[in-house]
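Each chain gets a letter, A, B and so on, in the order the sequences are listed, and its residues count up from 1. We use all heavy atoms of the structure for the numbers below, so side chains are in, but hydrogens, waters and symmetry mates are not. No experiment lies behind these values; they were computed from the predicted model shown.
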Amino acid sequence: MTSPTVLTPALADFVTSHLSIHLAASDDRGFATLVRGLGCRRDPTAAGRLRMLVAAPQAEPVLRALATNGRIAVVFSEPESHRTVQLKGHDAHRVERDPDDTALLAPYIDTMVNRLATVGTPEAFVRALLHCPTEALCIVRFTPDEVFGQTPGPQAGQRLATGCALP
Amino acid sequence: MNTVLNLDSLRSCLEGILPAGLATCAPDGTPNVTYVSQLMYVDPEHVALSFQFFNKTRENILANPHATVLMMDPDTAARYRLSIRYLRTETAGPLFERMKATLAGIASHTGMAGVFRLRGADIYRVLAIEAVPGHSLPPPVARAPLLPALRRSVDALAGCRSLEHLIDTLAQCLERHFGITHQMLLMADATRPRLYIVASRGYASSGAGAEIPYGVGVIGVAAREQTPIRIIFPAAEYAYGRAIREQLEGGELADRLEASIPLPGLPDPSSQLAVPVRAGDRLMAVLYVESDQQYRFDYDMEDALVALCAMLGPCMCALQFEALEDDGTPAVPARPPPDAAAPPLRVRYFAQDGSIFLDDTYLIKGVAGSILWALLQDHQTLGRCEFSKRELRLDPRLRLPEVADNLDARLILLSRRLADREADLRIEKAGRGRIRLALARPVSLIAGGVQAA
């Protein structure tokens, strides 16, 4: 089912470049819910897999839904350009946080502060929005098996063929 | 619904200042997540989401109406999840137009002008609101509360005894109590779908007499839909001056609209709010306020001005009829002009459109032009300089519409237009229900191309 080729090097570079992130999951009744992501990095143990940072108390309904079916949708958007992609997967689940995950949060927040400054968002606002104590940080790992271009416009939502240029 | 968390107290999250996230679920259980350009407050139980493109979100909500929005407070960064259920899509009407105008502001604010086009306003019922745990900033310092400002303004309007007094008091209240420095009041024309400026503040010229057709710009859309239109970011396509220029260039209105009187107004306002003024079902006027500052007018300000205008409309209506009551003071004969030896002011009138030129310079047209011509004719032939509004209302020469036209507003507009032009010809109040024609030099009346008197 999953194709390791979905996460091309270019796509992996883009989604790990500290973008604005939202993760969604749906429970078995068909109710979808979502939470803000706090960073994304390649999983060092498996090519084509991503590790997503979230704040556990905020992500509670998302984690609950993921535990039942593993279905996930994640949208990544570059605030300055609105370039946006959505990845979907079927094998998402919570995994143990490691020191490299924890180390990602500070540079993620710093980059987001700079990115959002270009659209006029104050630093204090961004730091409050993305604040997460280390002990609350948790990791969702998944293998993207579909990718959609979602940059605003009539083409938004179209599935991107493997290896095709990002929107 | 949670009794503490309610949409009324979270309206700043629904201004479209920051994008919200939206999660939906396909019939096969696959989640979908996207950013929504606009999440708008409808009422305490409903929100509207902008529908711009046919996409997966659209497909999902038509098949499975349940969705979740993650929104944030633009001041504190506090986050909230709204569980919502899709009800219907509106593609025309007041709510659609409000959303379209708001979206235009968001589009230009986010560099998306030309990309965003509203296909519909998707209406959702809010089933639950959840505060997402996490850090937030302290709320901003509260500005001066609006209820006392509203109360003081309502009290002041209640004491007005003439339309002119009411109009001036409104402008003063907006300035003093609400700190609004750029404002205009436009009266609805009873016969044609257009508004004319009767008073303004904050501009080099009052613009009295300038017209805006229904449907054009923030003001015209507020009039046509009879709903407040508020934009908190610069939105070029809703700048009325530009919108009207574009329509005129199209030729459609060029021959019918009062285009010779320049519209006052900020060239590129950052915040705009137009509020219809109604008496019953009838549109009386539109109040328009604007600012160079972004997000100058929020939901609470809109509420306050809507409430103020709800009182203004019936007051206007009542004073309009009261204005026709004459105090019975006998007319005094015309006084000789102060400088009878001065060269006469040439007043040229074209009956076809009621236009008046003073010494070959355009003044005004339409009903206001016909009124001035009738006053001047009576002055020349009968020596009169005082007139009752009641007799004017019945004067067939004025070609007033059958339906109740706001004669008083036309007289105010005429007197302000003459003042703007610094003409040697003024219209002044002369006691209750009466006006006086004041001339600084003799006049020579020319009907069409031919000298009449």
Enquirer: Check each atom of B:D75 against the heavy atoms of chain A and say whether the ones under 4.5 Å are side chain, backbone, both or neither.
Expert: backbone
Enquirer: Checking heavy atoms, do the side chain of A:H131, its backbone, both or neither come under 4.5 Å from chain B?
Expert: side chain
Enquirer: To the closest 0.5 Å, what do you measure between CD (B:E290) and CZ (B:F297)?
Expert: 8.0 Å
Enquirer: Please classify the contact between A:I72 and chain B as side chain, backbone, both or neither, with a heavy-atom cut-off of under 4.5 Å.
Expert: backbone
Enquirer: Please look at B:T34 and chain A and tell me whether the side chain, the backbone, both or neither of the residue comes under 4.5 angstrom of a heavy atom of that chain.
Expert: both
Enquirer: If we define contacts as heavy-atom pairs under 4.5 Å, which of A:V35, A:L23, A:V126 has the most with chain B?
Expert: A:V35
Enquirer: For chain A, which of B:T57, B:N55, B:L70 has the most heavy-atom pairs under 4.5 Å?
Expert: B:L70
Enquirer: Please classify the contact of B:N32 with chain A as side chain, backbone, both or neither, using a heavy-atom distance under 4.5 Å.
Expert: both
Enquirer: Is it the side chain or the backbone of B:T30 that comes within 4.5 Å of chain A heavy atoms, both, or neither?
Expert: both
Enquirer: Contact part of A:V74 toward chain B, heavy-atom cut-off under 4.5 Å: side chain, backbone, both or neither?
Expert: backbone
Enquirer: Could you walk me through whether B:E225 and B:F96 pass the side chain to side chain contact (heavy atoms under 4.5 Å, CB included) test, one step at a time?
Expert: CA-CA 10 Å; B:E225 302 296 334; B:F96 176 82; over 6 Å; no
Enquirer: Can you tell me which portion of A:Q86 sits under 4.5 Å from chain B's heavy atoms? Options are side chain, backbone, both or neither.
Expert: side chain
Enquirer: Taking side chain as everything from C-beta outward and backbone as N, CA, C, O, which of these in B:T76 sits under 4.5 Å from a heavy atom of chain A? Side chain, backbone, both or neither.
Expert: backbone
Enquirer: Give a yes or no on whether the ring-centroid distance for B:Y35 and A:H82 is below 6.0 angstrom.
Expert: no
Enquirer: Please look at A:P133 and chain B and tell me whether the side chain, the backbone, both or neither of the residue comes under 4.5 angstrom of a heavy atom of that chain.
Expert: neither
Enquirer: Please classify the contact between B:P27 and chain A as side chain, backbone, both or neither, with a heavy-atom cut-off of under 4.5 Å.
Expert: neither
Enquirer: Which region of A:R127, side chain (C-beta onward) or backbone (N, CA, C, O), has a non-hydrogen atom less than 4.5 Å from a non-hydrogen atom of chain B, or is it both or neither?
Expert: neither
Enquirer: For B:L22, which atoms come within 4.5 Å of any heavy atom of chain A: side chain, backbone, both, or neither?
Expert: backbone
Enquirer: Of the backbone (N, CA, C, O) and the side chain (C-beta and beyond), which part of A:A25 lies under 4.5 Å from a heavy atom of chain B, both, or neither?
Expert: backbone
Enquirer: Please flag which part of A:L87 lies under 4.5 Å from any non-hydrogen atom of chain B: side chain, backbone, both or neither.
Expert: neither
